[in-house]
Participant: 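Structure below; questions to follow.
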Amino acid sequence: MKQTNNYNLPSVFEGFEKANPYSSEGSDFSATTLIDAPQVKRLFAKHSGDLTEDISERSFSILGTAVHKILEDGASENQKAEERLFATIETPEGEVSVSGQIDLQTILPEGHLLSDYKTTSIWSYRDWASDKGKPEWVKQLNVYQALAVLNGIDVIGLEVVAIFRDWTSGGVDRFEVYPESPIMRLSIPMWEPEEAVNYLKKRTALHKSSDIPGCTDEERWAKPPVFAVHEMLSNGKGLKKRATKLFEDELEASIFSADREGSEVIERPRVFTRCEGNYCKVAQFCSQYSSDIEEI
């Protein structure tokens, strides 16, 4: 990937990126790769030379790296910081080496507590609070559990240590769902060890397969279609631009519209946020996304 510096940032930013390259230390796949869409990894590898990223876009990554470096120095005698665990997984297409770097392992008499640092936004907390765990956090931490199990380590718990970069004290009183502190420990649901290992094996085989599937709706951050009821303008000439009410169910929208003479139900098609915002960085090379555009 080519790197630019469009905002003329000091050279230390370029130096930081060169001094802190990501490495899976020889493994074929990392935990964060395995939980993501196989198609994204393949497209990224194929078109990496055609991609461009500005240093300014790495701001959150820089913050995250800084947090990890600082906290690594604070580990006590009963803790392991930034240890990468490896495992060899058998797949229909041969052996595959996978790994995951665990930010912190706290060694207790009954087993290890695995912690992962996240420099994140309060919206991540709201997602965690509503679903009892962000899906990607749950998957990542349980892949770490699987790697620990395959290395003979008993795991007693999983957690995210969330550092909220946009936290304000006023938000605690203003919002019903809001982190109480700018740094919080969030418990992550732990799967049965066998389930975690089976998930790791399944994802490894999927990424290794020569037949790569398209991205799922979840991987594309899909938002379902919405049915908007637009009422007639007071002069009877056309519809109001602003919808009176939005519905997830078309029948409910139709019933609501039936009581409002002249109103219409307009379907707003589902949105694939990750693709449309090119958050995967390879949307321009994706035939799946191109097909979506052609259908619109």
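The basis for the numbers below is simple: all heavy atoms, side chains too, and nothing from hydrogens, waters or symmetry mates.
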Participant: Salt bridge check: are E195 and K202 linked by an N-O gap of less than 4.0 Å?
Facilitator: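 No.
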
Participant: Assess whether atom NZ of K118 is packed by more than 12 heavy atoms of other residues, nucleotides or ligands within 6.0 Å.
Facilitator: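 Check passes, neighbour count above 12.
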
Participant: Are side-chain N/O atoms of D103 and S115 paired as donor and acceptor at under 3.5 Å?
Facilitator: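 No.
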
Participant: Check for a donor-acceptor pair, side chain of T216 on one end and backbone N or O of E219 on the other, with a separation under 3.5 Å.
Facilitator: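 Pair found, side chain donor or acceptor close to backbone of E219.
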
Participant: Compute both the distance and the angle, then confirm whether R165 meets the cation-pi test with F60: under 6.0 Å from the six-membered ring centre, within 45 degrees of the axis.
Facilitator: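 Positive - R165 is close enough to the ring of F60 and near enough to its axis.
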
Participant: Are W128 and V161 linked, directly or through other ILVMFWY residues, by side chains that come within less than 4.5 angstrom of each other?
Facilitator: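 Different hydrophobic clusters.
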
Participant: Assess whether atom CD of E248 is packed by more than 12 heavy atoms of other residues, nucleotides or ligands within 6.0 Å.
Facilitator: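 It does not: E248 CD has 12 such atoms or fewer within range.
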
Participant: Quick check: is V177 connected to V160 through a chain of hydrophobic side chains (ILVMFWY, heavy atoms under 4.5 Å apart)?
Facilitator: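 Same cluster.
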
Participant: Using 4.0 Å as the upper bound for N to carboxylate O, is an ion pair formed by K134 and E218?
Facilitator: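 No, E218 and K134 are not salt-bridged.
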
Participant: Evaluate the side chain to side chain contact (heavy atoms under 4.5 Å, CB included) criterion for residues T32 and Q140: first the C-alpha distance (whole Å), next the side-chain angles of each, then the deciding distance (0.1 Å), finally the verdict.
Facilitator: CA-CA 6 Å; T32 50; Q140 182 183 351; 3.7 Å; yes

Participant: Would you indicate whether the side-chain heavy atoms of F164 and Y125 approach each other to under 4.5 Å?
Facilitator: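 They are in side-chain contact.
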
Participant: Please tell me if the side chains of F285 and L51 come closer than 4.5 Å, counting only heavy atoms from C-beta onward.
Facilitator: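 Side-chain contact under 4.5 Å: yes.
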
Participant: Are the side chains of S257 and V229 in contact, using a 4.5 Å heavy-atom criterion?
Facilitator: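 A side-chain contact under 4.5 Å exists here.
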
Participant: Same hydrophobic cluster for V138 and W123, using side-chain heavy-atom links shorter than 4.5 Å among ILVMFWY?
Facilitator: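 Yes, same cluster.
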
Participant: Each residue besides I266 in its hydrophobic cluster should be listed here, by chain and number; the cluster joins Ile, Leu, Val, Met, Phe, Trp and Tyr at side-chain heavy-atom distances under 4.5 Å.
Facilitator: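 When side chains under 4.5 Å apart are linked, the cluster holding I266 also contains L239.
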
Participant: Kindly work out whether a path of hydrophobic side-chain contacts (I/L/V/M/F/W/Y, heavy atoms less than 4.5 Å apart) joins L158 to L113.
Facilitator: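 Different clusters: L158 never reaches L113 through Ile, Leu, Val, Met, Phe, Trp or Tyr contacts under 4.5 Å.
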
Participant: Starting from V96, can I reach I212 by hopping between I/L/V/M/F/W/Y residues whose side chains sit under 4.5 Å apart?
Facilitator: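 No, it is not one cluster - the side chains of I212 and V96 are not joined through contacts under 4.5 Å.
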
Participant: Under 4.5 Å between any side-chain heavy atoms of D28 and V98, yes or no?
Facilitator: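 No, too far: nothing below the 4.5 Å cut-off.
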
Participant: Answer yes or no: is there an ion pair linking R185 with E159, defined by an N-O contact shorter than 4.0 Å?
Facilitator: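 Salt bridge: yes.
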
Participant: Apply side-chain hydrogen bond (donor to acceptor under 3.5 Å, both in side chains) to the pair S209 and D211, showing each step before the final yes or no.
Facilitator: CA-CA 5 Å; S209 174; D211 185 18; 5.6 Å; no

Participant: Under 4.0 Å between a Lys/Arg side-chain N and an Asp/Glu carboxylate O for D50 and K2?
Facilitator: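 No, no charged N to carboxylate O under 4.0 Å.
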
Participant: Parallel, tilted or perpendicular: which fits the ring planes of H68 and Y117, with parallel below 30° and perpendicular above 60°?
Facilitator: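 The rings of H68 and Y117 stand perpendicular, inter-plane angle above 60°.
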
Participant: Verify whether one side chain among T244 and E231 offers a donor that lies under 3.5 Å from an acceptor in the other.
Facilitator: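 E231 and T244 do have a side-chain donor-acceptor pair below 3.5 Å.
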
Participant: Stepwise, does the side chain to side chain contact (heavy atoms under 4.5 Å, CB included) test hold for I102 with D116?
Facilitator: CA-CA 7 Å; I102 303 173; D116 190 69; over 6 Å; no

Participant: Is the charged tip of R260 near the ring of F256: under 6.0 Å from the six-membered ring centre and within 45° of its axis?
Facilitator: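 Yes, cation above the ring, under 6.0 Å and within 45°.
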
Participant: Picking from H112, E82, Q79, what satisfies side chain to side chain donor-acceptor pair (under 3.5 Å) with Q105?
Facilitator: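 So, applying the side chain to side chain donor-acceptor pair (under 3.5 Å) to Q105 and each of H112, E82, Q79, only H112 qualifies.
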
Participant: Using a 4.5 Å cut-off on heavy atoms from C-beta on, say whether the side chain of Q284 contacts that of N278.
Facilitator: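 When only atoms from C-beta onward are counted, Q284 and N278 do touch, with a gap below 4.5 Å.
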
Participant: Taking NZ, NE, NH1 and NH2 as the nitrogens, is one of them in R274 or D36 under 4.0 Å from a carboxylate oxygen of the other?
Facilitator: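 D36 and R274: salt-bridged.
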
Participant: Output, in order, the C-alpha distance, side-chain angles, deciding distance and verdict of side-chain hydrogen bond (donor to acceptor under 3.5 Å, both in side chains) for Q101 and E83.
Facilitator: CA-CA 5 Å; Q101 186 162 305; E83 180 183 28; over 6 Å; no

Participant: Should F86 and E25 be marked as a side chain to side chain contact (heavy atoms under 4.5 Å, CB included) after you check the CA-CA gap, both sets of side-chain angles, and the distance that decides it?
Facilitator: CA-CA 10 Å; F86 294 82; E25 298 184 19; 3.8 Å; yes

Participant: Any side-chain to backbone donor/acceptor pair from N142 onto Q145? Under 3.5 Å, distance only.
Facilitator: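 No, because the side chain of N142 does not come within donor-acceptor range (under 3.5 Å) of the backbone of Q145.
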
Participant: Do T65 and F16 have side chains that get closer than 4.5 Å, going by heavy atoms?
Facilitator: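 Yes, close enough: below the 4.5 Å cut-off.
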
Participant: For residues W191 and Y199, establish whether the separation of their ring centroids is below 6.0 Å.
Facilitator: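 They qualify: ring centres under 6.0 Å apart.
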
Participant: Less than 4.5 Å apart, any side-chain heavy atom of P213 and any of L206?
Facilitator: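 They are in contact (side-chain heavy atoms under 4.5 Å apart), so the answer is yes.
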
Participant: I'd like to know if the side chain of S290 reaches the main chain of C286, judged simply by a donor and an acceptor atom lying under 3.5 Å from each other, with no hydrogens or angles considered.
Facilitator: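 Checked: pair present.
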
Participant: Within the structure provided, determine whether T168 and Y178 are in side-chain contact (heavy-atom separation under 4.5 Å).
Facilitator: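 Yes. Closest side-chain heavy atoms under 4.5 Å.
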
